Number of protein chains: 2
Amino acid sequence: MTPRQTRHRDRVDAARPRGIPEATVARLPVYLRALHALQDRGVATVSSEELAAAAGVNSAKLRKDLSHLGSYGTRGVGYEVEYLVYQISRELGLTQDWVVAIIGLGNLGRALAGYGGFASRGFRVAGLLDADERIVGQEISGLSVQHIDRLEDVIGEHGVSIAVIATPAGAAQGVCDRVVAAGVTSVLNFAPVVLSVPEWVDVRKVDLSIELQILAFHEQRKAGGPDGASGLNGRPRGLNGSPPEPVQYVEAAE
Amino acid sequence: MTPRQTRHRDRVDAARPRGIPEATVARLPVYLRALHALQDRGVATVSSEELAAAAGVNSAKLRKDLSHLGSYGTRGVGYEVEYLVYQISRELGLTQDWVVAIIGLGNLGRALAGYGGFASRGFRVAGLLDADERIVGQEISGLSVQHIDRLEDVIGEHGVSIAVIATPAGAAQGVCDRVVAAGVTSVLNFAPVVLSVPEWVDVRKVDLSIELQILAFHEQRKAGGPDGASGLNGRPRGLNGSPPEPVQYVEAAE
DNA sequence: GTTTGTGAATCCATTCACAGCG
DNA sequence: CGCTGTGAATGGATTCACAAAC
């Protein structure tokens, strides 16, 4: 464990080794979800093996990930569910509330506004904004949609720190520039464009069609060998529930 | 290790068109989108530097990625846009049509059904299914929603090869088992659960709240140091368009 | 006995830097 | 010249495997 200095930030407090790997950060929410499910079932303690299975990763990875937060397990026993929930939540910053605004209330924006997973994780949707006069004024999930002209006001009044952009592609960069100018430093972008932002702003993007394209790539491989030609929408042949081939690939599904 | 697919491991091949790194595959759709935008602007030729900027990556990475597909550029000149579009499309399997079914037509499913990015990339939505009697029969984006009982029929009749699951969490695994039994080998999952599938099935998941949580983590870091107390929703102080600190962070959004 | 936490080994991805080609 | 394509170097992330802790 080389406590080599970290890339971000300077003031590392005496507390824990700051500098959790990005790949680990991306998995913590998954562990958290699995832990919440265990909590709901009344489970008090869990081993790395069990939790890993519930989260869909392997146990060595899980242990390494958790070790970046500290030593929260007990050898020979496992992890106390409640305690681990708290530690991960704290690390992710979910013990405080985050104020979110959603810009663009087409189908996707509506879906996001009503998404239960936000509220339950400490995200509070405080503003809905759109440019379309027919949408402005509508009530969606208990909030009235405001005109995009009010963007800066809404951000300032509610202390919005995360903006969710669900506008058409053409409008996204302009909206992004405005939210950044108004002080927002985290953006979740659903529009299919690459946003450019100042270096101190974080952007994450979700692109539905990209995910499908990645699936198509793998699907294509399964279907025909190197000699394309398989046709038939990439489906090998078995229409009813049998694996494409009895081929035994290495390393089973653990 | 759910979405795992092995495929290589025996038969080590030379530098064939086969064996494209997963990270590269995930970026090809981004390049493709940037190329389409260039095409629309009538650009015929592009350098790795320009295309990289449009796609939001650095040029060395772009060139390395493209080199996995073959040598499609001209030294001293760049890449011919149209030709590159074709090559990437072919590699991703987008020169054929993929038949998709969407299961679950709540807000999110509706958004997906109407998403333009699907049709434009060769994905044809051929079936919409839901369990809720109030939703069955509704027309959404030109298709009539069918009862989930018809799932296997729809998959068989239309040759569905990709299933998009947008059901509540509790229903997702059951639906997944059924689509897999019916022969689907690629699943795009929007439900917040880890699906378990046979090894020959690919799953990709999109979890909106996970993305927000990752943002929260970074936002928290920016806001206050280790000494909590910063309050104010993580927003540093500048309310109007000035960077939080004159600090020079490393690594921007690349 | 069981299970964690972690060095060491391995694998994968990114970046560098330049040879080679137009 | 300018720009691609790619070996070599670097840096992360994953996995292995086991000693330490309960």
Side-chain angles (χ1 to χ4, degrees), chain A residues 1-8 16-17 19-28 30-31 43-81 83-84 87 250-254, chain B residues 1-9 12 14-17 19-28 30-31 44-53 55-81 83-84 87 250-254:
Chain A
M1 271 313 74
T2 46
R4 235 186 310 109
Q5 47 69 264
T6 52
R7 50 250 224 293
H8 294 348
R16 294 296 119 200
I20 298 179
E22 199 49 42
T24 296
V25 172
R27 281 187 296 264
L28 290 179
V30 179
Y31 303 154
V43 176
T45 291
V46 68
S47 71
S48 65
E49 201 72 53
E50 293 163 333
L51 182 54
V57 302
N58 85 23
S59 65
K61 194 190 292 189
L62 173 85
R63 289 199 302 278
K64 179 77 84 180
D65 282 342
L66 293 183
S67 79
H68 287 115
L69 313 189
S71 279
Y72 298 138
T74 308
R75 295 172 198 234
V77 179
Y79 302 88
E80 206 216 317
V81 174
Y83 185 53
L84 199 49
Q87 290 299 344
V250 270
E251 57 204 299
E254 72 209 43
Chain B
M1 207 121 322
T2 326
R4 195 122 132 87
Q5 57 94 36
T6 0
R7 212 68 239 218
H8 33 291
R9 178 75 208 95
V12 180
R16 288 265 220 68
I20 298 178
E22 198 49 41
T24 295
V25 172
R27 282 187 296 264
L28 290 179
V30 179
Y31 303 154
T45 293
V46 69
S47 71
S48 65
E49 202 71 53
E50 293 163 331
L51 181 53
V57 302
N58 87 21
S59 66
K61 194 189 291 188
L62 174 86
R63 289 199 302 278
K64 179 77 88 182
D65 282 343
L66 293 184
S67 78
H68 287 114
L69 314 189
S71 280
Y72 299 139
T74 307
R75 293 172 199 235
V77 179
Y79 302 88
E80 206 216 317
V81 174
Y83 185 53
L84 198 51
Q87 291 299 343
V250 251
E251 63 179 331
E254 96 174 21

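None of these values were measured; they are calculated from a predicted model.
- Closest approach of A:N58 to A:A52, counting heavy atoms only: C-CB, 3.8 Å.
- Computed from coordinates, the A:I20 CD1 to D:dA13 C1' distance equals 15 Å when rounded to whole Å.
- Closest to the side chain of A:K61, out of D:dC3, D:dT15, D:dG5, is D:dT15.
- The only option from A:V25, A:L28, A:T24 that meets the side chain to side chain contact (heavy atoms under 4.5 Å, CB included) definition with A:H68 turns out to be A:T24.
- Between B:Y31 and B:L51, the shortest heavy-atom contact is O-CD1, 4.4 Å.
- Proximity of B:N58 to the phosphate of C:dT14: no side-chain N or O atom is located under 4.0 Å from OP1 or OP2.
- One atom, CG of A:D65, and another, P of D:dT14, lie 7 Å apart when rounded to the nearest Å.
- The side chain of A:Y79 places an N or O atom within less than 4.0 Å of a non-bridging phosphate oxygen (OP1 or OP2) of C:dG5.
- Remark: A:K61 NZ to A:S48 OG distance equals 13.5 Å, nearest 0.5 Å.
- The distance from atom CG of B:L66 to atom P of D:dG5 is 8 Å, rounded to the nearest whole Å.
- The interatomic distance linking A:L62 (CG) with D:dT15 (P) rounds to 12 Å, in whole Å.
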Worksheet item: What does nucleotides 17-22 of chain D look like as a protein-contact string, B for base, S for sugar-phosphate only, - for none, at under 4.0 angstrom between heavy atoms?
Response: B--BBB

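- Atom CD of A:E49 and atom C1' of C:dG5 are 15 Å apart (whole Å).
- From A:L66, atom CG reaches atom CZ of A:R27 across 10.0 Å, with rounding to the nearest 0.5 Å.
- Atom pair B:E80:CD and D:dC3:C1' shows a separation of 16 Å (rounding to whole Å applied).
- When every heavy atom of B:G73 is checked against every heavy atom of B:Y79, the shortest pair comes out as CA-CD2, 3.4 Å.
- Between B:S48 and D:dT4 there is a side-chain N or O to OP1 or OP2 distance below 4.0 Å.
- To the nearest angstrom, C1' of C:dT2 lies 12 Å from CD of A:E50.
- Taking all atoms of both residues into account, the shortest heavy-atom contact from A:K64 to A:S67 is O-OG, 2.7 Å.
- Summarising the geometry, the separation between NZ on B:K64 and P on D:dG7 is reported as 7 Å, rounded to the nearest angstrom.
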